[in-house]
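Reviewing the structure listed below.
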Amino acid sequence: MEAVLQTRGLLSLPSNPKTRALYPSQGLKKRLFATKPQTFTGFSLSSNGVPKFPTFVSKPSGFSPKDRNLHICRAEAAAAGQPLFGEETDKPKFLGIELTTFKKIIPLGLMFFCILFNYTILRDTKDVLVVTAKGSSAEIIPFLKTWVNLPMAVGFMLLYTKLANVLSKQALFYTVIVPFIAFFGAFGFVLYPLSNYIHPQAFADKLLNVLGPRFLGPLAIMRIWTFCLFYVMAELWGSVVISVLFWGFANQITTIDEAKRFYPLFGLGANVALIFSGRTVKYFSNLRKNLGPGVDGWAISLKGMMSIVVLMGLAICLCYWWVNTYVPLPTRSKKKKEKPKMTTMESLKFLVSSRYIRDLATLVVAYGISINLVEVTWKSKLKAQFPSPNEYSAFMGDFSTATGIATFTMMLLSQFIFDKYGWGVAAKITPTVLLLTGVGFFSLILFGGPLVPTLAQFGMTPLLAAVYVGALQNIFSKSAKYSLFDPCKEMAYIPLDEDTKVKGKAAIDVVCNPLGKSGGALIQQFMILTFGSLANSTPYLGGVLLVIVLAWLAAAKSLDTQFTALRQEEELEKEMERAAVKIPVVSQEGGNGSLPSGTALDPTAGDSTSSLSEPSAPHKN
C-alpha cells in the first residue's frame, strides 16, 4: 500500500481545474467499482501494457473503455490481499462461513472439549488422592507443588525442547500425549490396586516418629509416591496438553481472522465441558452407595473415570489425525519475529525499571499467592468435613459444575462490564471478590464459636459453613479470573511500545508466573514448619492474604491510571497520523472518492494535447 500511496502522489493534475477540494477516501470498494474509471500516471503500467512515465499523461491510443477499467486498484487489491478482477472464486459456504473453516473449527472444538473434560476429572481426582490418603493431608500440597511439580515441569519442558528439534510436529504431538493417556489408564487399573503393596507406609511411619508431626507433608510425598506422580501428571496435563499442544496446533492451522472469530467460543465451550465433567465425577463418586460392604468403592469409581479419560484421549488423537489428513493448512510467512531471550536476572532488572511492568507483575504474583493461600486451607477443611474419598470426590464434582456455570455467566457479562465501567473496574473485581470471600472464610474458621447457635438453625456447623464459603470463594475467584482478570492482563500490554511489550511479557513469564504459583506454597511451608500445622498457621495466613490483596488493589489502581493515559496518548497519535496522511484528490463536484470526467486524468476530456506535451503544474493547495 505504501507503494500505491507514493504512486497516487505523482498524479498528473490539470493546470486550471474548476474546483479543488479534498475528500476522504471511500476505500477500496468505491474505487474498484467507480462508474468512470481513470487512467493513472506515475511509476506504473498503463492498461495496454505500455509503461508510463512520471508527470506525463499519455493520449488514448485506440484501447477500448473496457481496457481502462483495469487501473491502479489492481495493485491496491493485490497489496490488500484481495482477489483481482476475473480471479474471484466463490468458495462453498454454510451460514456465511467457508466449509474449509468448519473442517478446522469443529475438530478443534471437539479436541478442546475432550481436553478440558479430562482436565476437570484429573484435577478433582488428584486432590482426592493426595488429601484423603492414609497418612496424608492438605499440608502435602505446598510441598508437592514446590519440590515435585516444579522440577518435573522444568524437566519436561527441557525434554520437549530437545524432542521438538528432532521430531516432526505430528510425531511430537503423539509422542507427548500418548504417555499421558497410557499413564492414566495404567494408574486406574494397575498402580492404584497395587498401592498398598508399593507404598512404603512402615518406613514413613518410622521417619515421622523421629522427625515429628510438622514433617507430615514432606514425608507424605514419599509415603504415597504413586498418588503424587498422578498429581504431577494431572497438573502437567493442564499446562502441556492445553497450553502447548492444543493452542500450538490451533495457532498453526487457523488464520488471524478465524482466531478472532472462534477463539472466544472455545472459552465458552471449555465451561460447558466443565459442567458435564463435574456431573461425570459426581456420578462415579456416588457408585459407592450401590456397592456391597467390603468393596473398595473408590477403586471402582477410579476405574470408570480413568476409562473415560483414556477414551477422550483417543478421541483427541483421532481429531488431530483427521485435521492433518483432510484439512489444508494456511500458508504462513517464513519471516519470524525475533523474541528477546531474557535470563532471570535480566527479567528482574527489567521489572524493577518500569513502573507499569512492576504494577502488572504485582497483579500476576498477587493472584497466584492469594488463591493458593485460601485454596489449600479450604481443602484441609474439606477433608475434615468429607473424609471419605467418594464423598470428597462427589463434592468436587458439584464444585466443578458450579465453577463452569459461574464462569460461563461471567464471560457473558464481562463484555458489558468492560463497555460500561472500563478496564479499571474490571481489573479490581477479582481482588475485591477474593478479599470479601477470604475474610468470610477465615472469620468462620477463627471466630466460628459464637456463630454455632445461629448456624445450627440452618442445620450447619462452623466447619460445614467454612467449607461452603470456601467453595464460593474459589468458584467466584476462578470465574472472575477467567472472565475478567486474564483479559485485563492481556489488554494491559496493548498500548505499550513494541520493545516494552515484548520484553515485559517475557519478564513476567520468566519471573512472575512461577513466583505467583510457588510463592503461596513457600509461605505455607514456612508457616507449617514454624507453627507445627496448617491449622495453627491459619490466623497468620489470613493476615498475609489481607496484605497481598490490598497491594493487588493498589497496583490495579495505579495501573489503571497509567493504562488510561497510554490509551489516550495512542488515540491522539492515531488522530495525528490520520490528519498528516491526507491524499489530495481533485474533483469537480460531490466527492465520492473517484475522479469525475473532465480532468487531465481522463485523456478523453480537456486539453489532451497540452497535457501530452507539457509537464503538469505542481499541485498547490
Side-chain angles (χ1 to χ4, degrees), residues 115-116 118-127 129-131 138 140-165 167 172-184 186-187 191 217-218 220-222 224-249 309 313 316 339 341-345 347-348 361 364-365 367-373 375-376 379 478 481-482 486 489 505-525:
I115 291 171
L116 267 296
N118 277 359
Y119 179 60
T120 305
I121 292 178
L122 296 173
R123 184 184 61 189
D124 294 347
T125 304
K126 70 180 175 62
D127 289 334
L129 286 169
V130 301
V131 173
I140 190 178
I141 295 177
F143 297 95
L144 194 54
K145 285 188 174 181
T146 304
W147 306 112
V148 180
N149 191 30
L150 188 59
M152 287 278 285
V154 172
F156 174 84
M157 292 313 298
L158 291 175
L159 177 62
Y160 180 85
T161 303
K162 290 186 177 295
L163 290 175
N165 293 331
L167 297 176
L172 181 63
F173 184 93
Y174 294 125
T175 302
V176 171
I177 197 170
V178 168
F180 279 98
I181 299 171
F183 172 80
F184 293 128
F187 183 87
L191 291 178
I221 296 176
M222 179 187 66
I224 54 171
W225 65 272
T226 60
F227 296 175
C228 294
L229 185 59
F230 182 94
Y231 187 99
V232 172
M233 291 294 284
E235 285 279 327
L236 287 176
W237 178 274
S239 57
V240 173
V241 179
I242 296 176
S243 301
V244 178
L245 295 187
F246 174 78
W247 286 115
F249 180 56
V309 168
I316 294 166
K339 293 185 178 180
K341 295 181 180 179
M342 305 178 70
T343 64
T344 302
M345 289 307 299
S347 300
L348 285 171
V364 175
V365 174
Y367 174 81
I369 294 176
S370 302
I371 197 69
N372 198 285
L373 291 178
E375 193 173 39
V376 174
K379 287 176 181 176
K478 288 181 183 296
K481 192 257 185 187
Y482 297 144
D486 286 346
K489 182 186 70 172
K505 194 166 180 59
I508 289 176
D509 288 342
V510 170
V511 177
C512 299
N513 276 336
L515 185 59
K517 292 176 181 177
S518 59
L522 290 171
I523 292 172
Q524 287 167 331
Q525 291 174 52

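Numbering starts at 1 and runs along the sequence shown. Worth saying up front: this structure is predicted, and the values here are computed from it rather than measured.
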Checklist line | Check against side chain to side chain contact (heavy atoms under 4.5 Å, CB included), Tyr119 and Val241 | finding: CA-CA 9 Å; Tyr119 179 60; Val241 179; over 6 Å; no

Checklist line | Exercise: identify the closest heavy-atom pair between Ala138 and Val376 | finding: O-CG1, 3.6 Å

Notebook entry, point to check: Between Glu235 (side chain) and Lys126 (backbone), is there a donor-acceptor pair under 3.5 Å?
Noted result: no

Next item on the list: Find the distance between CG (Leu229) and CD1 (Ile221) and round it off to the nearest 0.5 Å.
Entry: 12.5 Å

Note to self: Please find the pair of heavy atoms, one from Tyr231 and one from Lys145, that lie closest to each other, and give the distance.
What the structure shows: OH-CE, 3.5 Å

Check: Do Leu144 and Asn149 have side chains that get closer than 4.5 Å, going by heavy atoms?
Finding: no

Margin query: Show, in sequence, the C-alpha distance, side-chain angles and deciding distance for Trp147 and Gln525, and conclude whether the side chain to side chain contact (heavy atoms under 4.5 Å, CB included) test is met.
Written below: CA-CA 11 Å; Trp147 306 112; Gln525 291 174 52; 2.9 Å; yes

Checklist line | Closest non-hydrogen atom pair, Ala220 against Cys228 | finding: O-SG, 4.3 Å

Margin query: Are Val309 and Thr125 packed together at the side-chain level, in the sense that at least one heavy-atom pair is separated by less than 4.5 angstrom?
Written below: no

Notebook entry, point to check: What class does the angle between the rings of Phe187 and Phe230 fall in, given that below 30° is parallel, 30 to 60° is tilted and above 60° is perpendicular?
Noted result: tilted

Note to self: Is the ring pair Trp237/Phe184 parallel, tilted or perpendicular, if the boundaries are 30 and 60 degrees?
What the structure shows: perpendicular

Notebook entry, point to check: Does some side-chain heavy atom of Phe246 sit less than 4.5 Å from a side-chain heavy atom of Ile316?
Noted result: no

Notebook entry, point to check: Which pair of non-hydrogen atoms, one from Asn118 and one from Gly313, has the smallest distance, and what is that distance?
Noted result: ND2-N, 3.8 Å

Item checked: Heavy-atom side-chain proximity of Val240 to Tyr160 below 4.5 angstrom -> no

Check: Which atoms form the tightest heavy-atom contact between Gly520 and Leu373, and what is the distance?
Finding: O-CD2, 4.0 Å

Check: Which atom pair, heavy atoms only, marks the closest approach of Pro179 to Tyr174?
Finding: CD-O, 4.0 Å

Next item on the list: Just do the side chain to side chain contact (heavy atoms under 4.5 Å, CB included) check on Ile140 and Ile224 with the steps written out, would you?
Entry: CA-CA 10 Å; Ile140 190 178; Ile224 54 171; 4.0 Å; yes

